[in-house]
Each structure stands twice: as C-alpha cells, then as structure tokens.
Amino acid sequence: MTRPIRLFNTLTRRVEALEPLSPGVVTLYTCGPTVYNFAHIGNLRTFLFQDLLKRTLRAAGLEVRHCMNITDVEDKIIRDSQKELPAEADNAARHGAMKRLTDQFTQAFFDDLEAVAIPQASFTHLPRATQYIPKMIELIGRLEAKGLAYAREGSVYYRIAGLPHYGCLAHLDREGMKQGTSVDSDEYERESVSDFVLWKAFKPGEPSWDSPWGPGRPGWHIECSAMGMELLGERIDIHSGGVDLIFPHHENEIAQSEGATGHTWVNHWVHGEFLLVEGEKMSKSLGNFYTLRDLREKGIDPITFRYAIQSNHYRKLYNFGFEGLKAAKNALDRIRTFRKRMEGNGETSGGGEWKEALEPLRRIDQAREDFWQAMADDLNTPEALAAIFTLVSDLNAQDDRAALTREERDAALAFLEETNAIFAGWPHEEASLDAEVEALIEARKAAKAAKNWAESDRIRDELKAMGILLEDRKDGSVGWKKA
RNA sequence: GGCGCCGUAGCCAAGUGGUAAGGCCGCAGACUGCAAAUCUGCCAUUCAUCGGUUCGAUUCCGAUCGGCGCCUCCA
C-alpha cells in the first residue's frame, strides 16, 4: 500500500500531489555539500529535511532512489587546498592536494550524517563531482551544439537569451533581474552579464582537466545537472535543496538540463528554509556559528538536535537556541519513557484516579490516521508529533487506571516503531546493564531497607554525579536512566 | 526598484470562514522516608494594529507597524 503525499512545489508555489513518473518509485536528487570544511548546523538542517522527506516517502510505501552529490571541485576547495603548494606544482600534485582536503571533509560529513541518523546506506547514489567530469563536458557539448552555450577564451557560458522560460523557478523575469554592476574581471567576455559559466578556463595555480575548449574545470551548476541526469534520468520526480539554491543554482540547472533535452527535467522542486541562531543568520563573525562537534562538546545529543529541527516545519525559519534544545530533550524523553512503559507488562500500571474508559486500539488507529494526514500534507511534522503526544497522554491515563493489555501495548509499540522510522528519535533500547551501577543500586536498597537514609541518599548523590538518575517506582523496583 | 515570507500564550509551534492542536516552562495533585524520576490535572474569551467583506474572521481583502529572505557565493 502506498499513501498519497502532497508537497509544496516551488515551481508553482502550491502544495501539490506527488505523482511519481513510475508508479511506486520516486527519483530524488538533493544538492549535497561542498566539502572544504565541516558542515554547520544550518547545512545539517537541510540534510535533515531531505532525510525526513525520504523517510516519509519510504514509510508511505514508495521506493525512493536518492542521489546526493558531493561537490569536490569548486572555488573555495581550490583556494584552501592549493595554498600550501609551490607555484611550480604540476597538475597531478594539484589534484592530489585537492583530493586530500575533500576526502577528509567528505568523511567528516558522513560521520555527522550518521550521528543525526542519516545512514550513508540510505542513499542510492553518492557521486563525487570529479568522477563525472566527462559527463559534464558531454552535457556542455550538447548545449553548445544547440546554440545554448558559447566558448570565450577557454571558458564556456550558457546563453540565457536562448531559453525563454529562464527564471521560472525563482519567478524572476528578465527585466526584474537587477543588472549586475560588478563584473568579474575574468568574465568580461560574456554576451550578457546574466549568462553563467559552464566551464572555467584554466588559471595558473589551479587543478584542471582537458576539454574540447582547452584545460579547465567545470562550473558549479553543471555538476548537478550532469550527475542527476546520468544517475536518475532525464526526467526526475523531486529535486531539493536549501532555499538559497533556488536562484541561481536550481534555475541554472533547469536551464542546463531542459536546454539539453528540450523537455521538463524535474516535476517537483522542494526547498527547505534556513536556520537562524538566536534570531540572527549564522556567521563566524557573530560568534554564533556551530557545527555538530560544537554541540557535542556542550553535551548535546545529535539526535536531540534532529528532533528540535523536525519539531518545526521545514518551510519555516527555525530559530536555533539552546533553550529549544532543552525543550526538545524533555519532549523526546516523554515519548521514550512511554515506549519503555509499553514495552513492559504493566507492572507500573493501575491504581490511578478513575478516568473515562478509552478504547486504546481505536485511539491508536486515530493517532495513526492523524499522523499520516499531517505528514502527507507537506510534511507537517509539528502536527504529526501532536498526534503522537495526544496518544501518549491518552494511553498513559488509561494505563494509570488499569493496565493496558498486551495486545494494546503491542499496537502502541507498532505505531511508535512506524513513527520512529521517520523521526528516528525513540528506538527500542536494550536495557544496558552496568555492574558498578547495579551494585550501587543494590547497596542503596539495603540501606533503605535498614532505614539508613543518610547512606541511601549518599549513594543516590554518587550515582547522580555519575550521570545516573534513579527512578523509585510505585511497585518498589528501581530503574535508572542517563541524565 | 522587482519578487516573496513571517508576526498565535512566559518560550517553541500547528491550525481553521463558525468560535484556538501539541511540546517546553510554571502551578497543583498522586507516588516517596525526603527527594528525584514518572504519571495526572490546570495553564490564550484570544491569534501585531486599524479598517472592510460576512450572520459570523485569528482564518478572506486593504492599509499600517514590526521582523526577514531572494534578485551576487551561501544549506
């Protein structure tokens, strides 16, 4: 069974039903990182949104073929990787230096993704730009043959004037586009200032590849068109990225791909909003620039960050702050605690105040329906989470009154598992046994039995100092969790 | 100048032409040797302001104020 999903489409600026080109299969291309530094939490928000989209589509019963590029040749990469090299370094040395830098940050990037529950294995294709240079050259050649590209002094430019619908994604018209006043010194030869570069002529001190136009390297925009068309096809279902990529990057991708094929390339364009830090755009100069490593040093679980991001809608600005993370942690714990309660057999249940009897199985079905209605409506995660919390409250109340049956607990667990497949925040956790902790707990039990409160409290404080919070339950058992 | 977005309780955040989901915090209660943890209950006559349309608007329209984005590299 597949569930219908509706998504906002930047092209039409409306929420539209996703109708895969091939029934049951969705091709998804997302713009990946430029690997010259560690990803920051703003980058991560975008990748989390794309993961949410992918997981939702898969949970809805669709097969998702997801391609994300790794941009490993680009201005900043060249700047950072070449500065240690002597002027006489040859091309092989320059490529080697570039590869060392990008390999390092590519690995760091995947480490970060894994930490926020985006497994590398969830991607179908992870192409590196440098591995697709021939495809880019081929695509530029197609454009040139159609009169949509022209070479000037070793560089090749896209002729915007040749594509009437240029601007359709960003909703910019030719007249509305502010005419650039500053023209890069090396790009004075363009026919129009709006024409963008497809192939950059070789410059001393840069790594290069041979091409029909002489040595050089690909422009940034051509990478995505070439890799996306090669790996997912000349028509794909969804392309996504951060809002900042709408113009010019995605607009240019449309120009390149549709210029070459003569038909629509992407049906659904989906863009994720930015993240602000304490109300301001993240920047190094403001001192509010964070990577996942920074958060970890502050003791923040990357999964808590993931939850915080996903508790807001992807098309709204998210104002990151540490108080918000605290709230996220507490909210997440509520669901996790509930899961553990459902995994148990009702030993902590019953004895509560009388409440109106619920019909647990029907409530669970209702929650599932509400959850999916929200997710299917342009990934409305705040509302989807509300469906989960409402169920948690309802079933807690019922379980307080009289223990839920095994069947009801299992049904609740199935729902939690289903939602966890998307949110990745409340997986089943094996109760980890720690001999030292267990021994201290036993010692405290003995002290309590002897009514030696001082000793009992001392042990409790000792455990607290170790980051272990004890739970004295109603039935006399003692549980614990990490703070 | 052109094209857009946003303004909902202390904080975060959904939503609808018919009278405000959910989370956090806070308060009260249950439980406890006391706590913590956990659970329960309570917590916006009101949705930036002013007009208009309507039987009725937070939701539609207009204006105003405030915050922001894109039109150049940026997730």
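Computed from a predicted model, the values in this text were never measured in an experiment.
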Novice: Could you give the CD1-to-P distance, from A:I459 to B:G33, as a whole number of Å?
Specialist: 17 Å
Novice: Side-chain N or O of A:N319 less than 4.0 angstrom from OP1 or OP2 on B:C12?
Specialist: no
Novice: For A:F289 and B:A75, give me the distance from atom CZ to atom C1', rounded to whole Å.
Specialist: 11 Å
Novice: Counting only Watson-Crick pairs (N1-N3 plus N6-O4 or O6-N4) and G-U wobbles (N1-O2, O6-N3), all under 3.5 Å, who is the partner of B:C3?
Specialist: B:G69
Novice: Should the pair A:Y318 and A:F320 be assigned to parallel (<30°), tilted (30 to 60°) or perpendicular (>60°) ring geometry?
Specialist: perpendicular
Novice: Tell me whether the side-chain N or O atoms of A:R460 pair up with the base of B:A35 as donor and acceptor below 3.5 Å, since no angle test is needed here.
Specialist: yes
Novice: Within the stacking criterion (centroid distance below 5.5 Å, interplanar angle below 30°), does A:W453 stack on B:G33?
Specialist: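 Base of B:G33: stacked against A:W453.
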Novice: For A:Q373, does the CD atom sit with more than 12 other heavy atoms under 6.0 Å from it, leaving out its own atoms?
Specialist: no
Novice: Round to a whole Å and report the spacing from OH of A:Y290 to C1' of B:A75.
Specialist: 18 Å
Novice: B:A20 and B:A28: how far apart are their C1' atoms, nearest whole angstrom?
Specialist: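 Comparing C1' positions in B:A20 and B:A28 gives a spacing of 24 Å.
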Novice: Nearest-Å distance, CD1 (A:I309) to C1' (B:A13)?
Specialist: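 So the CD1-C1' distance, A:I309 to B:A13, works out to 14 Å.
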Novice: For A:F389, which contact category applies under a 4.0 Å heavy-atom criterion: base, sugar-phosphate, or nothing?
Specialist: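 Sugar-phosphate: the residue A:F389, judged by heavy atoms under 4.0 Å, touches backbone atoms but no base.
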Novice: Using a cut-off of less than 4.0 Å, is there contact between a side-chain N or O of A:K329 and OP1 or OP2 of B:C25?
Specialist: no
Novice: Any chance the rings of A:H239 and A:H250 have centres within less than 6.0 Å?
Specialist: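 Here the rings of A:H250 and A:H239 have centres that are less than 6.0 Å from each other.
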Novice: Atom CD of A:E273 to atom P of B:G4: distance rounded to whole Å?
Specialist: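 Distance, rounded to whole Å: 16 Å.
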Novice: Between B:A13 and A:N312, is there an OP1 or OP2 to side-chain N/O distance shorter than 4.0 Å?
Specialist: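 Yes, A:N312 has a side-chain N/O under 4.0 Å of OP1/OP2 on B:A13.
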Novice: What is the pairing partner of B:U49, taking Watson-Crick or G-U wobble pairs with both distances under 3.5 Å in any strand?
Specialist: B:A63
Novice: Centroid distance below 5.5 Å plus an interplanar angle below 30 degrees: do A:F47 and B:A75 meet both conditions?
Specialist: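 Taking the rule of under 5.5 Å and under 30°, the ring of A:F47 does not stack on B:A75.
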Novice: Quick one: which of B:C25, B:G23, B:C34 gets closest to the side chain of A:D472?
Specialist: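 When the side chain of A:D472 is considered, B:C34 is the closest of B:C25, B:G23, B:C34.
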Novice: Judged by each residue's nearest nucleotide on RNA chain B, which is more toward the 5′ side, A:R13 or A:E471?
Specialist: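 Looking at RNA chain B, the more 5' nearest nucleotide goes with A:R13.
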Novice: Can you see if the side chain of A:R315 gets near the phosphate of B:A13 - specifically, an N or O under 4.0 Å from OP1 or OP2?
Specialist: no
Novice: Would you measure the distance from the C1' atom in B:C70 across to the matching atom in B:C11 and give it in whole Å?
Specialist: 29 Å
Novice: Mind telling me whether A:W265 and A:W269 have parallel, tilted or perpendicular rings, with 30° and 60° as the class edges?
Specialist: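 Perpendicular: the ring planes of A:W269 and A:W265 meet at over 60°.
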Novice: Would you call A:K340 and A:E343 a salt bridge, taking side-chain N to carboxylate O under 4.0 Å as the test?
Specialist: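 No salt bridge links A:K340 with A:E343.
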Novice: Should A:R363 and A:D394 count as an ion pair when the cut-off is N to O under 4.0 Å?
Specialist: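 Yes, this pair counts.
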Novice: May I ask you to check whether A:Y157 and A:F196 place their ring centres under 6.0 Å from each other?
Specialist: no
Novice: Please report the distance separating the P of B:C6 from the corresponding atom of B:A48, rounded so that it comes out in whole Å.
Specialist: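 Looking at atom P only, B:C6 and B:A48 are 13 Å apart.
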Novice: Between B:A13 atom C1' and A:L317 atom CG, what is the distance in whole Å?
Specialist: 14 Å
Novice: Look through every strand shown and name the nucleotide pairing with B:U32 as Watson-Crick or G-U wobble, where both distances are under 3.5 Å.
Specialist: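 None - no nucleotide pairs with B:U32, as no candidate has both distances under 3.5 Å.
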Novice: Describe the nucleic acid contact of A:I388 in one word from base, sugar-phosphate, nothing, applying a heavy-atom distance below 4.0 Å.
Specialist: nothing
Novice: How would you label the contact of A:K76 with the nucleic acid (heavy atoms, under 4.0 Å): base, sugar-phosphate, or nothing?
Specialist: sugar-phosphate
Novice: B:C12 and B:G7: how far apart are their C1' atoms, nearest whole angstrom?
Specialist: 14 Å
Novice: Choose from B:A14, B:G23, B:A35 the nucleotide whose nearest atom is closest to any side-chain atom of A:H313.
Specialist: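 My answer, after comparing the listed nucleotides, is B:A14.
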Novice: Would you kindly compare A:F274 and A:A327 by the position of their nearest RNA chain B nucleotide and give the one closer to the 5′ end?
Specialist: A:A327
Novice: Can you tell me the Watson-Crick or wobble partner of B:C24, both distances under 3.5 angstrom?
Specialist: B:G10
Novice: Quick one: look up who B:U19 pairs with, Watson-Crick or G-U, both distances under 3.5 Å, and put none if it's unpaired.
Specialist: none
Novice: When you look at CD of A:E438, are more than 12 heavy atoms from neighbouring residues, nucleotides or ligands closer to it than 6.0 Å?
Specialist: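 Yes, enclosed.
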Novice: What distance, rounded to whole Å, do you find between the two C1' atoms, one in B:G66 and one in B:U8?
Specialist: 16 Å
Novice: A:R334 side chain: which of B:C24, B:A75, B:G33 is closest?
Specialist: B:C24
Novice: Is there a donor N/O on one and an acceptor N/O on the other, under 3.5 Å, for the side chain of A:D457 and the base of B:A35?
Specialist: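 Flag unset: no donor-acceptor pair detected.
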Novice: Tell me whether A:R315 is salt-bridged to A:D378, with the criterion being a basic N under 4.0 Å from an acidic carboxylate O.
Specialist: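 Looking at A:R315 and A:D378, the cut-off is met.
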Novice: Round to a whole Å and report the spacing from NZ of A:K326 to P of B:G10.
Specialist: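 To the nearest whole Å, that distance equals 22 Å.
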Novice: Could A:R14 and A:E16 be called an ion pair, given the rule that one side-chain N must be under 4.0 Å from one carboxylate O?
Specialist: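 No, A:R14 and A:E16 are not salt-bridged.
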Novice: May I have the distance from A:L169 (atom CG) to B:G4 (atom P), rounded to whole angstrom?
Specialist: 14 Å
Novice: List in numerical order all residues of residues 377-385 of chain A for which some heavy atom is under 4.0 Å away from an atom belonging to RNA chain B.
Specialist: A:N380, A:P382, A:E383
Novice: Does A:S393 use its side chain to pair, donor to acceptor, with the backbone of A:T390 at less than 3.5 Å?
Specialist: no
Novice: Measure from the side chain of A:N396, starting at C-beta and using heavy atoms only, and say which of B:A75, B:C71, B:U40 lies closest.
Specialist: B:U40
Novice: Which whole number of Å gives the distance between the C1' atom of B:U59 and that of B:A21?
Specialist: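 Nearest-Å result for B:U59 against B:A21 at atom C1': 15 Å.
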Novice: Strictly below 4.0 Å, heavy-atom distances to any atom of RNA chain B: list the hits from residues 368-376 of chain A, or just say none.
Specialist: none
Novice: Can you tell me the pairing partner of B:A57 across any strand shown, Watson-Crick or G-U wobble, with both distances under 3.5 angstrom?
Specialist: none
Novice: Which ones in residues 27-44 of chain A lie close to RNA chain B, meaning a heavy atom under 4.0 Å from one of its atoms?
Specialist: A:H40, A:G42, A:N43
Novice: Would you check if A:K83 and A:R79 make a side-chain contact, meaning some heavy-atom pair closer than 4.5 Å?
Specialist: no
Novice: Does A:K316 have a side-chain nitrogen or oxygen under 4.0 Å from the phosphate oxygens OP1 or OP2 of B:A14?
Specialist: yes
Novice: Between the side chains of A:N345 and A:R406, is a donor N or O closer than 3.5 angstrom to an acceptor N or O?
Specialist: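 Side chains of A:N345 and A:R406: pair found under 3.5 Å.
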Novice: So, under a plain 3.5 Å distance rule, would you say the side chain of A:S456 forms a donor-acceptor pair with the base of B:G33?
Specialist: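 For A:S456, whose side chain was compared with the base of B:G33, there is a donor-acceptor pair (under 3.5 Å).
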Novice: Would you say the ring centroid of A:Y290 lies under 6.0 angstrom from that of A:H40?
Specialist: no
Novice: Hey, are A:D294 and A:K298 close enough for a salt bridge, meaning a charged N less than 4.0 Å from a carboxylate O?
Specialist: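 Result for this pair is no, no salt bridge flagged.
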Novice: Which value, in whole Å, describes the distance between the C1' atoms of nucleotides B:A44 and B:C55?
Specialist: 26 Å
Novice: Between A:F38 and A:F109, does the ring centre distance come in under 6.0 Å?
Specialist: no
Novice: Please report the distance separating the P of B:C47 from the corresponding atom of B:U19, rounded so that it comes out in whole Å.
Specialist: 16 Å
